[in-house]
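Chain A is the first sequence line, chain B the second, and so forth, proteins listed ahead of strands; every chain is numbered from 1.
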2 protein chains.
Amino acid sequence: MDLKDRDADASRRIRTAAVLLFAQRGYAATSIRDLAREVGMTNAGIYHHVSSKEALLADLMRVAQQGLIDATERMLRGVRSPADRLALLISSLTASHALGPMTTRVMDGELRSLTPGSAVRDQIIALRDAYEDHWRLALADGVAEGVFRIADQRLTRLALMSMCTGTSEWYRPDGDSTLEQVCAEFVAIGLAAVRASAQVVATPDLSLLPDFPWEPPDVRNDPRPAEARR
Amino acid sequence: MDLKDRDADASRRIRTAAVLLFAQRGYAATSIRDLAREVGMTNAGIYHHVSSKEALLADLMRVAQQGLIDATERMLRGVRSPADRLALLISSLTASHALGPMTTRVMDGELRSLTPGSAVRDQIIALRDAYEDHWRLALADGVAEGVFRIADQRLTRLALMSMCTGTSEWYRPDGDSTLEQVCAEFVAIGLAAVRASAQVVATPDLSLLPDFPWEPPDVRNDPRPAEARR
DNA sequence: ACCCTCCTACCGAACGTTCGGTCGCTCTAA
DNA sequence: TTAGAGCGACCGAACGTTCGGTAGGAGGGT
């Protein structure tokens with residue numbers, strides 16, 4: 001195999017394994033040696049592809065967060081109605097967490113593992129803020145246009161985002177509900193939460209979802225902790 | 001001070017500090033020495049009150065989960081209407097996570113840190129199942145009685161529970177919304193999610209909420225990671 | 001076709017540090 | 001006088017990371 005390809009392949013396998021292990025056990029509970037064993041290398045070999053354990057985590061998180069932002073802006077492009085935008089925000093966040101459960105669990109839950117005050121951490125927080133601004137704007141516009149009736153916009157946003165992100169904890173592609181059913185149900189709940197008077201016409205284009213490049217292939221041998229299997 | 005009291009006090013301070021550190025940094029990222037420093041002891045001193053680090057975590061989780069179950073059953077006692085029961089489930093789960101954010105974050109998120117197959121882990125999973133059964137039953141009863149219209153009961157339950165448990169990540173007692181407002185809003189969202197036709201008359205008695213005995217006093221100096229401060 | 005050199009992916013071994021946990025002593029309150 | 005809370009010192013193991021070395025493909029000259 002070409003050396004360039006070999007390097008790219010090793011980097012990809014390391015990141016895929018890292019996403020899997022960080023999501024299952026947590027960053028702090030995963031050692032470089034665990035990671036090396038998973039990709040068939042020694043711990044020293046890992047450091048040819050990664051400058052440090054924390055830089056690896058930061059890289060995974062930054063790419064994932066940026067991918068979510070890009071996908072969201074692709075989906076919202078040209079959509080004006082606040083109800084449509086809210087529906088697309090709910091669908092895309094839910095679908096992203098359903099289809100990339102490992103990546104999104106690391107993205108959502110490992111910020112505390114990055115050194116406080118470090119540049120990468122601040123950058124990722126800024127990305128998160130930029131993403132949430134799309135929600136803030138959609139809700140504020142809906143209220144301003146009189147099509148949403150919301151008591152507390154921050155409260156509503158946090159409730160709906162928790163609902164969507166929670167999907168990564170329980171969704172299974174071979175489970176009882178299809179992704180389309182989940183999205184449709186969550187959109188219905190979200191529109192009820194904002195007392196939307198307008199009808200939703202936008203349909204999410206799932207091909208615009210983020211590509212999480214290191215999401216592990218669905219491990220049939222139960223990649224998820226037992227408590228999430230119900 | 002009486003020796004018995006001194007022991008009880010040390011045990012309490014250890015558990016309070018453990019809940020705080022486990023919630024902030026995670027179990028794996030917290031060392032016994034971190035814990036000892038927080039309570040003004042050496043690492044060896046800790047082991048006079050705790051048999052092992054994992055047993056300490058299991059103890060915190062078991063007591064928290066049992067407290068939630070007890071409080072839920074106190075609240076639901078004698079309440080027959082499914083709409084009332086759902087409203088009380090939402091209120092109590094939300095309020096528990098708002099008032100005991102550290103305890104509930106450990107309870108919800110550290111199951112993966114317990115040794116797979118261990119007796120304590122299985123016991124805590126069983127407690128969690130027992131708690132969730134109250135939700136399953138309320139939704140199923142509502143559907144059976146014709147007062148709820150739900151496409152997928154499991155889906156609805158998971159969405160609403162995620163919304164409630166997410167509260168521990170952002171709620172602040174000195175924030176913009178009061179606990180009563182949060183509960184009222186979440187109950188409204190929940191009832192809309194099940195297309196409840198019945199009116200809700202039950203009012204949650206907050207004095208029946210679980211007493212999480214080791215929840216740290218609200219640390220004004222920002223006990224929460226920066227990303228949750230918005 | 002061949003050799004020679006370079007480069008790079010990776011390994012074996014070790015670094016200093018920190019981990020969870022133990023042991024025996026000291027000190028103190030009852 | 002005694003029990004036990006807490007401490008100082010320590011254990012073996014594991015941690016993240018580094019370093020010198022090696023195998024083998026890549027590339028150029030002949």
Side-chain angles (χ1 to χ4, degrees), chain A residues 1-22 24-61 106 110 112-116 118 120-121, chain B residues 1-22 24-61 106 110 112-116 118 120-121:
Chain A
M1 196 197 300
D2 191 303
L3 265 182
K4 272 275 163 53
D5 293 348
R6 203 142 94 94
D7 175 64
D9 182 63
S11 265
R12 187 189 49 75
R13 286 191 303 127
I14 286 174
R15 280 163 171 76
T16 298
V19 165
L20 181 71
L21 293 177
F22 290 171
Q24 283 177 338
R25 316 178 184 181
Y27 170 81
T30 303
S31 74
I32 292 288
R33 286 167 179 81
D34 291 337
L35 184 54
R37 190 180 317 117
E38 188 82 5
V39 300
M41 259 186 211
T42 62
N43 51 333
I46 296 289
Y47 281 91
H48 249 282
H49 304 274
V50 149
S51 64
S52 78
K53 190 191 174 193
E54 184 168 344
L56 170 61
L57 173 64
D59 202 37
L60 301 179
M61 292 184 64
V106 172
E110 292 291 359
R112 66 180 176 191
S113 301
L114 296 176
T115 306
S118 68
V120 277
R121 185 177 189 276
Chain B
M1 197 195 302
D2 190 303
L3 263 183
K4 271 277 163 52
D5 293 348
R6 200 142 94 94
D7 175 63
D9 182 64
S11 266
R12 188 189 49 75
R13 286 191 304 128
I14 286 174
R15 281 163 169 76
T16 298
V19 165
L20 181 71
L21 293 176
F22 291 170
Q24 284 177 338
R25 316 176 184 179
Y27 170 80
T30 303
S31 73
I32 291 288
R33 285 166 178 81
D34 291 337
L35 184 54
R37 190 179 317 117
E38 189 81 6
V39 301
M41 258 185 213
T42 62
N43 55 327
I46 297 288
Y47 282 93
H48 269 273
H49 304 272
V50 150
S51 65
S52 78
K53 191 191 173 192
E54 184 168 344
L56 170 61
L57 173 63
D59 202 35
L60 301 179
M61 293 184 64
V106 173
E110 292 292 359
R112 66 182 175 190
S113 301
L114 296 176
T115 306
S118 67
V120 275
R121 186 177 187 278

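With a 4.5 Å cut-off on side-chain heavy atoms, B:I46 and B:V39 count as touching.
Both tests do not hold together for B:K53 against B:Y47: distance to the six-membered ring centre under 6.0 Å, angle to the ring axis within 45°.
Note: CG (B:D9) to C1' (C:dA29) measures 16 Å, nearest angstrom. The interatomic distance linking B:I46 (CD1) with D:dC7 (P) rounds to 9 Å, in whole Å. Between B:H48 atom NE2 and C:dT26 atom P the separation is 15 Å, expressed in whole Å. When the C1' atom of D:dG6 is taken as reference, atom CD1 of B:I14 falls 10 Å away, rounded to whole Å.
Every residue two or more places apart in sequence or in another chain was checked for a side chain to side chain donor-acceptor pair (under 3.5 Å) with B:S52, and none qualifies.
Judged by distance alone, with hydrogens and angles left aside, the side-chain atoms of A:E54 form a donor-acceptor pair with the main-chain N or O of A:T115 at under 3.5 Å. When atom types are taken as modelled, the side chain of A:R33 and the backbone of A:N43 share no donor-acceptor pair closer than 3.5 angstrom. Side-chain atoms of A:E110 never come within 3.5 Å of backbone atoms of A:G26 as a donor-acceptor pair (strictly under, hydrogens ignored).
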Heavy-atom protein contacts under 4.0 Å, nucleotides 8-19 of chain D, coded B base, S sugar-phosphate only, - none: B-B----BBBBB
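For C:dC10, one of the phosphate oxygens OP1 or OP2 lies less than 4.0 angstrom from a side-chain nitrogen or oxygen of A:H49.
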